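Heads up, the thing below is written out as structure tokens.
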Number of protein chains: 2
Amino acid sequence: MGIAVEAIKELREKTGCGMMDCKKALSETKGDSEKAMDLLRKKGLAAAAKRVGRVAAQGMVDAYIHTGGKLGVLVEVNCESDFVARNIEFQAFVKDIAMQVAASNPQYVSRDEVPETIISHEKEILETQAKGEGKPAKAVEKIVNGRLEKFYAETCLLDQPFIKDPKVIIKNLLANLVAKIGENIVIRRFTRYQLGEKS
Amino acid sequence: MGIAVEAIKELREKTGCGMMDCKKALSETKGDSEKAMDLLRKKGLAAAAKRVGRVAAQGMVDAYIHTGGKLGVLVEVNCESDFVARNIEFQAFVKDIAMQVAASNPQYVSRDEVPETIISHEKEILETQAKGEGKPAKAVEKIVNGRLEKFYAETCLLDQPFIKDPKVIIKNLLANLVAKIGENIVIRRFTRYQLGEKS
């Protein structure tokens with residue numbers, strides 16, 4: 001079968017093997033690059049695969065450690081150019097986000113990331129709650145949705161009020177920066193460690 | 001059914017509800033504290049549960065950000081007393097570990113954490129490799145185990161050579177510190193972000 005040149009190149013970059021070896025391995029595995037990598041390793045041609053692929057992104061990885069070292073946050077924010085990554089306002093934003101995560105303990109970057117099971121569990125509880133308060137059946141859905149917004153505002157970073165100015169929601173803070181800088185900016189991920197918490 | 005006082009106390013701490021409400025909820029859910037928490041929320045008695053439980057641990061959360069902000073590490077190291085957490089040698093060790101993770105990119109703290117599927121996949125490759133090199137069948141197992149040690153030394157933090165002194169393995173660095181300080185010390189967890197890597 002024909003193997004795309006891109007796939008061969010990619011395998012070559014990952015494994016450091018020659019083009020012909022990569023092409024052959026991809027042919028033998030019908031184009032499956034994971035299996036082709038294993039095959040090259042089995043033949044002793046490739047070393048253990050580098051785990052980490054790369055996506056095209058600029059930006060900044062930064063941390064915030066709270067006084068006393070009992071709480072720390074690691075955050076990655078992406079932008080499109082290295083020029084913006086070195087912009088002082090961009091860097092200040094990244095620092096603010098790290099501090100925000102430390103103070104407000106979000107569980108997700110955006111509400112898209114909340115697993116469906118968590119949402120339905122939350123909804124069920126809020127529904128029973130609203131019914132138990134004697135709310136009329138037709139009002140329950142509206143009440144539940146309203147309270148679900150509160151849940152998002154507590155658990156999703158982008159929906160949280162900014163700790164330095166609670167009138168501003170993080171997604172608006174971000175939108176303002178994007179408008180000002182003229183380049184897309186994405187809060188990619190964060191990790192928050194509190195000393196001694198169960199993971 | 002009888003409910004242990006400890007379970008009631010724990011539920012009370014998690015929910016902020018009264019002892020009697022907690023006891024009743026636990027009785028109704030046959031002692032299942034997760035379900036009891038949901039029940040208290042459905043009754044409107046408890047707010048959304050705090051996600052984070054706590055284990056008894058002292059220590060330090062620290063970060064290392066490599067120059068330029070393209071690479072960052074967050075690490076938690078536990079000890080038994082706050083006194084040791086403030087010890088300069090302990091803190092220097094935590095900083096060294098963060099830098100080690102940045103430089104050497106381990107995937108796990110210890111080899112116990114490597115999933116069984118990863119090990120068997122690795123073994124299969126190493127076996128085919130050794131056989132392909134024409135090694136005698138009875139030597140293959142020994143060769144595979146030897147090469148598996150190399151895999152651990154690359155992927156497990158505790159098995160890695162220390163970047164500041166490659167003759168020392170991290171677990172020995174740790175053991176020396178434990179002996180010197182006279183208190184158990186555990187590298188609990190780490191996270192490493194490389195800008196733009198696929199997660």
Side-chain angles (χ1 to χ4, degrees), chain A residues 38-39 41-44 48 50-66 68-78 85-86 91 94 98 105 107 121-122 124-133 150-151 154-155 188-199, chain B residues 38-39 41-44 48 50-66 68-78 85-86 91 94 98 105 107 121-122 124-133 150-151 154-155 188-199:
Chain A
D38 285 353
L39 187 63
R41 289 194 60 206
K42 284 177 181 173
K43 290 182 178 171
K50 297 275 170 282
R51 190 186 63 108
V52 166
R54 289 183 58 81
V55 293
Q58 291 296 329
M60 189 178 170
V61 175
D62 203 6
Y64 171 76
I65 301 293
H66 195 63
K70 308 292 185 207
L71 175 67
V73 170
L74 190 66
V75 67
E76 176 179 350
V77 181
N78 291 148
R86 283 179 279 116
Q91 297 188 345
V94 179
N105 194 15
Q107 309 296 310
H121 178 238
E122 199 60 29
E124 192 217 320
I125 287 177
L126 295 173
E127 238 173 67
T128 317
Q129 212 179 69
K131 283 174 188 164
E133 288 164 8
K150 195 170 160 256
F151 169 78
E154 281 168 1
T155 55
R188 169 89 193 290
R189 51 182 174 168
F190 63 79
T191 296
R192 182 183 188 273
Y193 284 176
Q194 183 148 10
L195 187 74
E197 76 192 339
K198 287 178 199 158
S199 46
Chain B
D38 285 353
L39 187 63
R41 289 193 60 204
K42 284 177 181 173
K43 289 182 178 171
K50 297 274 171 283
R51 188 186 64 108
V52 166
R54 290 184 57 81
V55 294
Q58 291 296 329
M60 188 177 171
V61 174
D62 203 6
Y64 170 76
I65 300 293
H66 194 63
K70 308 291 185 208
L71 174 66
V73 169
L74 190 67
V75 67
E76 176 179 350
V77 180
N78 292 147
R86 282 178 280 116
Q91 297 188 345
V94 179
N105 195 14
Q107 309 297 310
H121 177 239
E122 199 60 29
E124 193 216 322
I125 288 176
L126 295 173
E127 239 173 69
T128 317
Q129 214 178 69
K131 283 174 189 164
E133 290 164 8
K150 194 171 161 256
F151 169 78
E154 280 169 3
T155 55
R188 169 89 193 289
R189 51 182 173 166
F190 62 80
T191 297
R192 182 182 187 274
Y193 283 176
Q194 182 147 10
L195 188 74
E197 76 192 341
K198 286 179 198 158
S199 47

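Chain A is the first sequence line, chain B the second, and so forth, proteins listed ahead of strands; every chain is numbered from 1. Only a predicted model underlies this, so the values are computations on that prediction, with no experimental measurement involved.
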Q. Charged N to carboxylate O below 4.0 Å: is that the case for Glu124(A) and Arg41(B)?
A. no
Q) Less than 4.0 Å between a side-chain N and a carboxylate O, is that true for Glu197(A) and Arg189(B)? A) yes
Q. Most heavy-atom pairs under 4.5 angstrom with chain B, which of Leu126(A), Val77(A), Val73(A), Val94(A)?
A. Val73(A)
(Q) Quick check: closest heavy atoms across Ala63(B) and Ala63(A), and the distance to 0.1 Å? (A) CB-CB, 3.3 Å
Q. Using non-hydrogen atoms only, which part of Leu71(B) is less than 4.5 Å away from chain A: side chain, backbone, both, or neither?
A. backbone
(Q) When you compare the side chain of Thr128(A) with that of Asp38(B), does any pair of heavy atoms fall below 4.5 Å? (A) no
Q: Side-chain contact test, heavy atoms from C-beta onward, threshold under 4.5 Å: evaluate it for Thr191(A) versus Tyr193(B) and give yes or no.
A: yes
Q.
To check you understand the geometry: which heavy-atom pair defines the closest contact between Lys70(A) and Ala85(B), and what is its length?
A. NZ-CB, 4.2 Å
Q | Atom pair CG (Leu195(B)) and CD (Glu76(A)), whose distance is rounded to the nearest 0.5 Å | A | 5.0 Å
Q: Please look at His66(B) and chain A and tell me whether the side chain, the backbone, both or neither of the residue comes under 4.5 angstrom of a heavy atom of that chain.
A: neither
**Q.** Lys43(B)/Glu133(A) salt bridge by N-O under 4.0 Å criterion
**A.** no
Q: Measure distances from Ala130(B) to the heavy atoms of chain A and classify the residue's part below 4.5 Å as side chain, backbone, both or neither.
A: neither
Q: State plainly whether the residues Lys42(A) and Glu127(B) are in salt-bridge range, i.e. N to O under 4.0 Å.
A: no
